[in-house]
Amino acid sequence: MSEPRHHQHTPHSEHAQHPTLQRHCDVAVIGGSAAGLAAALQLARQRRSIVVIDDDTPRNAPAAHMHGYLGHDGIAPGELRTLGREEVRGYGGEVLSGRVVDVHRRGDGMFALDLTGGHTLVARRVLVATGLSDELPAIDGLARQWGRGVVHCPFCHGFEVRDQRLVQIVTHPMGLHPTTLFRHLTDRLTVVLHDPAGIDESVVDGLAAAGVVVERTPVRRVVTADGVVCGVELGDGRVLEADAVVVGSRFHARADMLAGVGLTTTTHPTGAGDILAVDPHGETAVPGIYAAGNVTDPSLQVLPAAAQGSQVGAMIAFSLAEEDLREPARRSGEETDWDNRYSGPDRAWSVNPNGTLVHEVTELAPGRALDVGTGEGADALWLAERGWKVTATDISGNALARLRAEAERRGLGVDVIRSDANDPAPFGTETFDLVSLQYGSFKRTPDQRGLRSLLDAVAPGGTLLAVHHDLTPLRGPVDVATGTRMYDPEAFVGIDEIAAALTADPDTWAVQTHETRPRPPGAASTHHVDDVVLRASRRTD
């Protein structure tokens with residue numbers, strides 16, 4: 001077998017062979033801000049395979065800070081997303097950089113998400129947490145200051161503009177909804193009825209009676225000095241001095257990708273925009289597709305959006321668990337994903353062993369070997385041919401069936417175990433003279449169960465050999481308009497994490513090699529790229 005391998009392989013050179021990929025998961029989450037990440041965290045903690053697809057266009061991107069989020073008040077919105085992604089990945093949830101362009105239901109009831117780059121994600125459930133897009137009034141200078149000198153929410157930004165000169169531009173009937181709150185925050189508020197159509201004049205009269213200045217001349221532009229708001233110019237040329245501008249937007253649910261399943265948006269009761277309608281469980285009119293966050297309710301700040309996402313994630317978990325009661329055996333989303341990759345009529349990879357394995361193991365005396373994430377088993381077969389007593393494990397039953405067939409054809413004895421590294425006792429009770437993890441990894445868990453099982457499988461005096469791709473190319477930026485990165489290395493236990501566990505226990509482990517180097521050329525390797533190689537031995541005393 002040539003690289004890349006299972007479990008879980010990184011498709012670094014896979015793209016050279018397969019321009020597009022299809023992956024499977026339990027739940028696909030479209031949108032990686034507060035609501036989507038909160039739902040993903042709930043589901044990952046329920047041992048569901050979660051893939052979040054995010055194009056990094058959050059609604060609150062223009063804002064430097066977010067407020068009202070207990071425990072995180074004042075942090076940058078991007079910082080909260082970073083923290084949320086780390087937590088989701090800590091339970092093995094993946095966050096992919098990319099964009100969903102279409103969703104449709106397959107004949108087997110699953111949902112297929114078409115992604116930029118031609119890739120496909122197949123999921124049992126879909127959660128839409130894409131948020132809203134804001135349509136601002138066509139007033140010169142307004143958009144450039146949105147989220148900074150131009151604000152809309154008294155809860156998000158009101159305290160920061162307290163006691164300042166505020167000019168509120170009203171462009172639709174709901175525009176006066178937050179005015180009483182801003183009037184409480186400052187006594188220097190001017191309301192400009194830029195478009196008075198449909199305005200409740202009794203509300204205007206009440207504001208004027210309370211001392212709020214009301215202007216009925218349309219606005220020409222927002223005035224700035226050195227990039228800072230300093231006034232609002234009216235159509236008659238007058239300039240109202242202002243430290244900040246208040247304006248409400250019209251909003252539109254980001255739901256175009258759902259046209260393929262027949263989902264359309266619904267006009268919000270205020271008439272100020274449209275949303276994606278859901279029932280009390282967060283489910284849309286299409287069974288199996290859920291939604292959470294601003295895409296369902298424009299009034300939600302970040303904290304309640306996250307809370308709603310968490311609640312809807314729990315509802316999806318219940319839905320999946322109830323469905324699974326009707327299945328004879330519990331199949332994880334990971335197993336389904338990998339069985340799909342090995343479901344074709346032909347072998348997925350070549351019959352060659354991995355070059356770095358050959359380079360590192362040739363001089364070792366044969367003994368008991370464990371090949372973790374063996375895939376179709378080329379490494380296991382190579383070891384068996386050289387006298388090793390081999391146990392091969394993989395999460396994919398399809399891959400192991402191919403290994404068994406090839407071992408029988410060659411007359412080799414290889415023991416196979418269908419397991420995931422995070423299963424209880426995934427490798428049995430035996431320990432091994434060689435534990436090999438080639439181009440593979442397994443999902444993270446906070447308790448590092450899989451990592452501990454991997455290390456515990458090495459016998460005293462035995463060797464651990466872990467080889468992985470140099471993942472540097474997978475950590476660069478992605479043009480989500482044209483492509484989607486289909487693998488998230490941060491959701492998996494990698495070489496550096498394994499090395500850290502070894503160096504933290506020098507009484508047990510001696511690390512001989514931890515370096516990046518070119519893969520050895522020759523028949524044993526079909527791709528000449530860099531390997532990260534970790535080799536260590538368990539001490540005998």
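Between Leu400 atom CG and Trp338 atom CH2 the span is 12.5 Å, to the nearest 0.5 Å. Taken to the nearest 0.5 Å, the CD1 atom of Ile417 stands 11.5 Å off from the CG atom of Asp371. With values rounded to the nearest 0.5 angstrom, Thr296 atom OG1 is found 8.5 Å from Leu132 atom CG. To the nearest 0.5 Å, the span separating OG1 on Thr265 from CG on Leu258 amounts to 10.0 Å. The distance from atom CD of Gln512 to atom OG1 of Thr463, rounded to the nearest 0.5 Å, is 6.5 Å. Note that the CD atom of Glu94 and the CZ atom of Arg485 stand 12.5 Å from one another [nearest 0.5 Å].
Listed by chain and number, the residues in a side-chain hydrogen bond (donor to acceptor under 3.5 Å, both in side chains) with Asp339 are Arg331, Ser396 (sequence neighbours excluded). Under the rule for a salt bridge (Lys or Arg N to Asp or Glu O under 4.0 Å), the partners of Arg402 that lie at least two apart in sequence or sit in another chain are Glu376. Considering only residues two or more places apart in sequence or on other chains, Thr120 meets the side-chain contact (heavy atoms from CB on, under 4.5 Å) condition with Gln22, Ala112, Asp114, Val122. With sequence neighbours excluded, the residues satisfying side-chain hydrogen bond (donor to acceptor under 3.5 Å, both in side chains) with Glu515 are Arg517. In this view, Ser133 and His252, Arg254 satisfy the side-chain contact (heavy atoms from CB on, under 4.5 Å) rule, not counting sequence neighbours. By the side-chain contact (heavy atoms from CB on, under 4.5 Å) test, Asp496 is found to be paired with His514, residues two or more places apart in sequence or in another chain being considered. With sequence neighbours left out, the side-chain hydrogen bond (donor to acceptor under 3.5 Å, both in side chains) criterion links Arg449 to no other residue. Residues passing the side-chain contact (heavy atoms from CB on, under 4.5 Å) test with Met315, sequence neighbours excluded: His281, Phe318. With sequence neighbours excluded, the residues forming a side-chain hydrogen bond (donor to acceptor under 3.5 Å, both in side chains) with Asp488 are Arg89, listed by chain and number.
Between Gly293 and Ala305, the shortest heavy-atom contact is CA-CB, 4.2 Å. Minimum heavy-atom separation, Ala491 to Gly93: CB-O, 3.3 Å. Thr431 and Ala459 make their closest contact through OG1-CB, 3.4 Å (heavy atoms, listed as atom of the first residue, atom of the second, distance).
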Go through the steps to decide whether Leu455 and Leu451 satisfy the test side chain to side chain contact (heavy atoms under 4.5 Å, CB included), and finish with yes or no.
-> CA-CA 6 Å; Leu455 300 186; Leu451 176 56; 4.2 Å; yes
Side chain to side chain contact (heavy atoms under 4.5 Å, CB included) between Arg368 and Trp388, intermediate numbers included | CA-CA 6 Å; Arg368 296 163 299 172; Trp388 289 84; 6.0 Å; no
Steps toward side chain to side chain contact (heavy atoms under 4.5 Å, CB included) verdict (Leu464, Leu502) | CA-CA 10 Å; Leu464 171 67; Leu502 301 180; 4.2 Å; yes
What's the verdict on side chain to side chain contact (heavy atoms under 4.5 Å, CB included) for His72 and Leu83, showing C-alpha distance, side-chain angles and the deciding distance?
-> CA-CA 11 Å; His72 294 291; Leu83 293 170; 4.0 Å; yes
Starting from the C-alpha separation in whole Å, work towards a yes-or-no answer on side chain to side chain donor-acceptor pair (under 3.5 Å) for Gln438 and Ser436.
-> CA-CA 6 Å; Gln438 299 290 307; Ser436 174; 3.2 Å; yes
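Within the structure, no pair that satisfies the salt bridge (Lys or Arg N to Asp or Glu O under 4.0 Å) test touches residues 453-462, not counting sequence neighbours. Residue pairs satisfying the salt bridge (Lys or Arg N to Asp or Glu O under 4.0 Å) criterion with at least one member in residues 306-329, sequence neighbours excluded, are listed as follows: Arg48-Asp324, Arg124-Glu323, Arg124-Asp324, Arg125-Glu323.
No donor-acceptor pair closer than 3.5 Å links the side chain of Arg106 to the backbone N or O of Phe111. With hydrogens and angles disregarded, no donor-acceptor distance shorter than 3.5 Å links the side chain of Arg23 to the backbone of His119. Under the 3.5 Å distance criterion, the side-chain polar atoms of Asn294 are matched with a main-chain donor or acceptor of Leu300. Looking at Thr484, its side chain never comes within 3.5 Å of a backbone N or O of Val480 through a donor-acceptor pair. No side-chain donor-acceptor contact under 3.5 Å links Thr513 to the backbone of Arg535. The backbone N or O of Pro460 sits nowhere less than 3.5 Å from a side-chain atom of Thr540 that would complete a donor-acceptor pair.
Other residues, nucleotides and ligands contribute more than 12 heavy atoms inside 6.0 Å of the CG atom of Asp479. In Arg47, the CZ atom is not crowded: 12 or fewer heavy atoms of neighbouring residues, nucleotides or ligands sit closer than 6.0 Å.
Contact annotation: the side chain of Glu335 approaches that of Arg418 to within less than 4.5 Å [non-hydrogen atoms, C-beta and beyond]. Phe427 places a side-chain heavy atom less than 4.5 Å from the side chain of Thr393. No side-chain heavy atom of Arg386 sits less than 4.5 Å from a side-chain heavy atom of Val361. Contact check for Val467 versus Asn354: no side-chain heavy atoms found under the 4.5 Å cut-off. Taking the side chain as every heavy atom from C-beta outward, Met486 and Leu115 approach each other to under 4.5 Å.
Side chains of Thr116 and Thr482: a donor-acceptor N/O pair is absent below 3.5 angstrom, by distance only. Residues Asp531 and Thr356 have side chains that bring a donor and an acceptor to within less than 3.5 angstrom of each other.
Between Arg410 and Glu406, at least one side-chain nitrogen of the basic residue sits less than 4.0 Å from a carboxylate oxygen of the acidic one, meeting the salt-bridge criterion. Salt-bridge formation is not detected for the pair Arg81/Asp54: no Lys NZ or Arg NE/NH1/NH2 atom is positioned less than 4.0 Å from an Asp or Glu carboxylate oxygen.
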Check: residues 35-44 side-chain donor-acceptor pairs under 3.5 Å, at least two apart:
residue	atom	partner	partner atom	Å
Gln42	NE2	Ser310	O	3.4
Gln42	NE2	Ser310	OG	3.0

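Checked options Val435, Val458, Val533; the residue passing with Leu465 is Val533 (criterion: side chain to side chain contact (heavy atoms under 4.5 Å, CB included)). Between Val126 and the choices Val100, Val261, Val27, Ile289, the side chain to side chain contact (heavy atoms under 4.5 Å, CB included) rule is met once, by Ile289.
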